[in-house]
> 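First the structure, which I've put down as structure tokens, then a few questions once you've had a look.
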Amino acid sequence: MGKGGKQLGTYSYQEVSKHDKRDDRWIIINNQVYNITNWARRHPGGSRVIGHYAGQDATDAFRAFHNDLDQVQKYLLPLHIGSVQKGEVNTNYSLENDFRDLRENAEKMGLFKPSYLFFFLHLAHIIAMEVMAYLTLYYFGTGWIPFLVSVCLYSTVQHDFGHLSVFKNTTFDHMVHFFTMGFTKGASPSWWNHMHYQHHAKPNVMGKDPDVRVDQLFVVGEKMPLEVAKSKKSNMPYNQQHKYFFFIGPPLLFPVYFQFMLFRHIFTRRLWKDFIVVMAFYVKFFYLYTSMLGLGWALVYYEIMRVLESHWFTWVSQSNHIPMDIDRDTAEPWIRLQMKATCDIEQSFFNDWFTGHLNFQIEHHLFPTMPRHNLYKIQPLVQSLCKKHGIPYQMKTLSQSFIDIVKSLKHSGQLWEAALHAHHVS
């Protein structure tokens with residue numbers, strides 16, 4: 001019997017796994033079963049991110065995304081319908097228990113505590129580069145050299161505040177996120193959260209991770225090429241994708257796809273706060289740069305800036321994921337799921353700065369709310385845990401990680417070509 005006299009039941013993992021439909025969603029958290037069917041639509045992180053764990057044990061995912069557990073428990077209480085049957089065999093118990101011990105140790109070590117000085121200096125250097133971009137043109141004129149220097153300075157990227165890893169206060173983090181993502185970069189913070197939280201929840205999981213929802217243009221991994229070839233729905237020459245990637249991948253992701261998707265997200269969901277802050281970016285940008293460049297060249301400047309941003313973002317973000325395992329959801333435990341989908345890049349001062357500490361992608365995915373300046377401290381402990389349980393831990397050079405993107409695309413394209421030929425023959 002639960003609070004309020006509600007009758008609670010006991011359920012097997014198999015029983016819970018049946019409740020994975022859009023209109024019937026149960027999840028397990030700490031061996032307790034919750035019916036989130038009706039509440040998912042009100043989930044602050046979005047219905048999709050929590051829905052991706054329907055019918056599964058979401059314990060470690062739940063812990064990874066929430067800082068204030070006491071506050072979240074208040075939402076869970078009315079959704080509680082019972083517990084997992086005692087004696088149920090959890091084949092991943094040892095691994096999951098060790099991972100939870102690791103997280104507890106990380107909390108005791110203070111690795112989830114942010115350095116406000118670090119983030120202040122980081123934000124200051126982002127703003128300084130934007131100011132320098134303007135001053136370069138203002139003082140040195142609009143010739144090609146100052147023009148290119150200026151546009152390179154403008155093309156910096158950052159996303160810490162969206163992960164609630166700075167203030168540990170949702171309101172404050174979101175406020176600064178609106179400034180850095182919206183006013184500084186001209187992107188919708190809500191759209192970014194909608195997409196990126198799903199990616200973190202189920203990285204490289206086809207049908208759930210938006211980052212691998214690319215089959216209109218590319219096939220990735222080893223399963224997607226076979227499925228696309230079998231469906232015969234696309235006319236893209238995927239066997240050449242490692243070549244056309246350079247023309248329609250990094251150059252067009254930000255200027256075309258992201259711009260279209262973020263405004264569609266804003267208007268379809270009526271996110272007027274996002275719209276205002278994005279429009280504030282455009283007003284700021286064209287007010288400052290049209291006066292020096294004229295409208296035509298200001299538009300050229302803007303498009304070049306977006307293309308540079310797009311290259312930077314695509315190569316850095318996909319170097320950790322595209323060459324890794326990409327599959328349908330098999331309800332892997334949190335640590336195995338993240339380790340299959342991510343790899344690290346070697347640490348150096350340049351790599352830390354250039355990737356925004358996403359060279360510690362494994363640690364970032366295991367602990368998304370851990371401030372990035374502490375990720376290197378948890379790395380040896382994660383490596384030890386992986387070694388103990390026989391989980392591969394991949395680390396590469398920055399150049400090799402970029403090369404592997406192209407190699408992976410070529411391999412996937414060859415799989416598609418072979419599968420398509422086999423279907424034609426049969």
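By convention here, the first residue in the shown sequence is residue 1. A quick note: this is a predicted structure, and the numbers were derived from the prediction, not measured. Computation of the quantities below employed the complete heavy-atom set of this structure, encompassing side-chain atoms and omitting hydrogens, waters and symmetry-equivalent molecules.
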> Are Y289 and W297 near enough that their ring centres are under 6.0 Å apart?
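Here the rings of W297 and Y289 have centres that are no less than 6.0 Å from each other.
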> Is there a donor in the side chain of H411 and an acceptor in the side chain of E222, or the other way round, less than 3.5 Å apart?
yes
> Does the pair R306 and E309 meet the rule for a salt bridge (Lys or Arg N to Asp or Glu O under 4.0 Å), with working shown?
CA-CA 5 Å; R306 286 299 190 208; E309 277 185 333; 2.7 Å; yes
> Less than 4.5 Å apart, side chain to side chain, heavy atoms only: is that true for T59 and W334?
no
> How long is the gap from CG on N204 to CG on N320, to the nearest 0.5 Å?
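The distance works out to 10.0 Å.
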> Kindly determine whether F367 and F99 satisfy ring-ring contact (aromatic ring centres under 6.0 Å, His included), including the steps that lead there.
CA-CA 11 Å; F367 309 104; F99 176 73; 5.5 Å; yes
> First locate atom CZ of F179, then atom OG1 of T184, and finally report the distance between them rounded to the nearest 0.5 Å.
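OG1 of T184 is found 4.0 Å from CZ of F179.
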> Return yes when atom CE of M175 has more than 12 non-hydrogen atoms of other residues, nucleotides or ligands closer than 6.0 Å, and no otherwise.
no
> Checking side-chain contact (heavy atoms from CB on, under 4.5 Å) for the pair L95/R336: CA distance, chi angles, key distance, verdict?
CA-CA 9 Å; L95 172 62; R336 286 194 187 278; 3.4 Å; yes
> For the residue pair H364 and H357, is the inter-centroid distance of their aromatic rings smaller than 6.0 Å?
no
> Less than 4.5 Å apart, any side-chain heavy atom of I29 and any of I27?
yes
> Any donor and acceptor pair, going by atom type alone, linking the side chain of D209 with main-chain N or O of P203 inside 3.5 Å?
no
> Once you measure the plane-to-plane angle for Y197 and F65, does it fall in the parallel (<30°), tilted (30-60°) or perpendicular (>60°) bin?
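Ring orientation, 0 to 90° scale: tilted.
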> Would you sort out whether E417 and L420 count as a side-chain contact (heavy atoms from CB on, under 4.5 Å), showing the intermediate values?
CA-CA 5 Å; E417 185 177 30; L420 187 66; 5.8 Å; no
> Tell me whether K387 forms a cation-pi arrangement with Y393, defined as NZ or CZ under 6.0 Å from the six-membered ring centre and within 45 degrees of its axis.
no
> Would you give the length of the straight line joining atom CZ of F247 to atom CG of L252, rounded to the nearest 0.5 angstrom?
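Output value for this atom pair is 11.0 Å.
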> Ring centroid separation for Y302 and Y282, is it under 6.0 angstrom?
yes
> Would you say the side chain of K273 lies within less than 4.5 Å of the side chain of F178, judging by non-hydrogen atoms?
yes
> Any side-chain heavy atom of L337 sitting closer than 4.5 Å to one from V205?
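In short, these two side chains touch, coming nearer than 4.5 Å.
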> Knowing that exactly one of F246, W312, F245, W315 qualifies, which makes a ring-ring contact (aromatic ring centres under 6.0 Å, His included) with F402?
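Answer to the ring-ring contact (aromatic ring centres under 6.0 Å, His included) test with F402 among F246, W312, F245, W315: W315.
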> Mind telling me whether H122 and H125 have parallel, tilted or perpendicular rings, with 30° and 60° as the class edges?
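Ring orientation, 0 to 90° scale: tilted.
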> Atom CD of Q216 and atom CG of N235: how far apart are they, to the nearest 0.5 Å?
10.0 Å
> Are the charged groups of K108 and E104 less than 4.0 angstrom apart, N to O?
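Yes.
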> Please tell me if the side chains of K407 and D404 come closer than 4.5 Å, counting only heavy atoms from C-beta onward.
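Yes, their side chains come closer than 4.5 Å.
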> Quick check: closest heavy atoms across Q241 and L409, and the distance to 0.1 Å?
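What the structure gives for the nearest pair is NE2-O, 2.7 Å.
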> In Å, rounded to the nearest 0.5 Å, how long is the span from OG of S17 to CD of Q56?
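Going from OG on S17 over to CD on Q56, the span is 9.0 Å.
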> What heavy-atom pair brings T369 and A64 nearest, and what distance separates the two atoms?
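Distance-wise, the nearest heavy atoms are CG2-O, 3.5 Å.
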> Considering only heavy atoms from C-beta outward, does the side chain of C386 approach that of M339 to under 4.5 Å?
yes
> Under the salt bridge (Lys or Arg N to Asp or Glu O under 4.0 Å) criterion, do E107 and R63 qualify, and how do the steps go?
CA-CA 12 Å; E107 290 172 349; R63 186 66 189 91; 2.7 Å; yes
> Between E332 and K340, does any NZ, NE, NH1 or NH2 come within less than 4.0 Å of an OD or OE carboxylate oxygen?
yes
> With ring-ring contact (aromatic ring centres under 6.0 Å, His included) as the test, pick out the partner of H194 among H43, H265, H199.
H265
> Looking only at heavy atoms, what is the nearest atom pair of R25 and A40, with distance?
NH1-CB, 3.6 Å
> Between F267 and F275 (judged by ring centroids, cut-off 6.0 Å), do the two rings come close enough to count as a pair?
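Yes; F275 has its ring centre under 6.0 Å from that of F267.
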> Quick one: closest heavy-atom pair of K208 and D329, and the distance?
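Minimum heavy-atom contact is NZ-OD2, 2.6 Å.
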> Looking at Y53, I'd like to know if the NZ or CZ of K202 sits under 6.0 Å from its six-membered ring centre while staying within 45 degrees of the ring's axis.
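The answer is yes; both the distance and angle limits are met.
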> Under the side-chain contact (heavy atoms from CB on, under 4.5 Å) criterion, do F360 and Q347 qualify, and how do the steps go?
CA-CA 8 Å; F360 297 99; Q347 183 184 20; 3.6 Å; yes
> Are F183 and F281 near enough that their ring centres are under 6.0 Å apart?
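They do not qualify: ring centres at least 6.0 Å apart.
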> To the closest 0.5 Å, what do you measure between CZ (F254) and NZ (K185)?
8.5 Å
> Just checking, any donor-acceptor pair under 3.5 angstrom between side chains of N239 and Q414?
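The answer is no; no qualifying pair exists.
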> Checking side-chain contact (heavy atoms from CB on, under 4.5 Å) for the pair N359/E346: CA distance, chi angles, key distance, verdict?
CA-CA 7 Å; N359 49 329; E346 291 178 351; over 6 Å; no
> If you apply the rule ring-ring contact (aromatic ring centres under 6.0 Å, His included), what do you find for F258 with W191, and how did you get there?
CA-CA 10 Å; F258 274 16; W191 171 77; 5.0 Å; yes
> Hey, what's the ring geometry for Y75 with W39, parallel, tilted or perpendicular (30° and 60° as the breaks)?
tilted
> Work out which heavy atom in T342 is nearest to a heavy atom in I362; give both atom names and the distance.
OG1-CG1, 3.5 Å
> Would you say CZ of R213 has more than 12 non-hydrogen atoms from neighbouring residues, nucleotides or ligands within 6.0 angstrom?
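For R213, atom CZ is crowded (more than 12 foreign heavy atoms under 6.0 Å).
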> Taking 4.0 angstrom as the limit, do K284 and E130 come out as a salt bridge?
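Yes, K284 and E130 are salt-bridged.
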> In terms of side-chain geometry, is the basic nitrogen of E96 or R100 positioned less than 4.0 Å from the acidic oxygen of its partner?
yes
> So do L135 and M132 actually touch side chain to side chain, heavy atoms under 4.5 Å?
no
> Which pair of non-hydrogen atoms, one from L137 and one from L293, has the smallest distance, and what is that distance?
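Minimum heavy-atom contact is CD1-CD1, 4.1 Å.
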> Specify whether F147 and Y301 have parallel, tilted or perpendicular ring planes, treating 30° as the upper limit for parallel and 60° as the lower limit for perpendicular.
perpendicular
> For the pair T136 (side chain) and S150 (backbone), establish whether a donor and an acceptor sit closer than 3.5 Å, ignoring hydrogens and angles.
no
> Assess whether ring-ring contact (aromatic ring centres under 6.0 Å, His included) is satisfied between H321 and H365, documenting all intermediate values.
CA-CA 11 Å; H321 295 299; H365 265 258; 4.9 Å; yes
> For I145, is the CD1 atom crowded, meaning more than 12 foreign heavy atoms sit under 6.0 Å from it?
no
> How about Q361 and S319: do any of their side-chain heavy atoms sit closer than 4.5 Å?
no
> With a 3.5 Å cut-off and no angle check, do the side chains of D274 and S190 form a donor-acceptor pair?
yes
> Please determine if R328 and E227 form a salt bridge, counting it only when a charged side-chain N lies under 4.0 Å from a carboxylate O.
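E227 and R328: salt-bridged.
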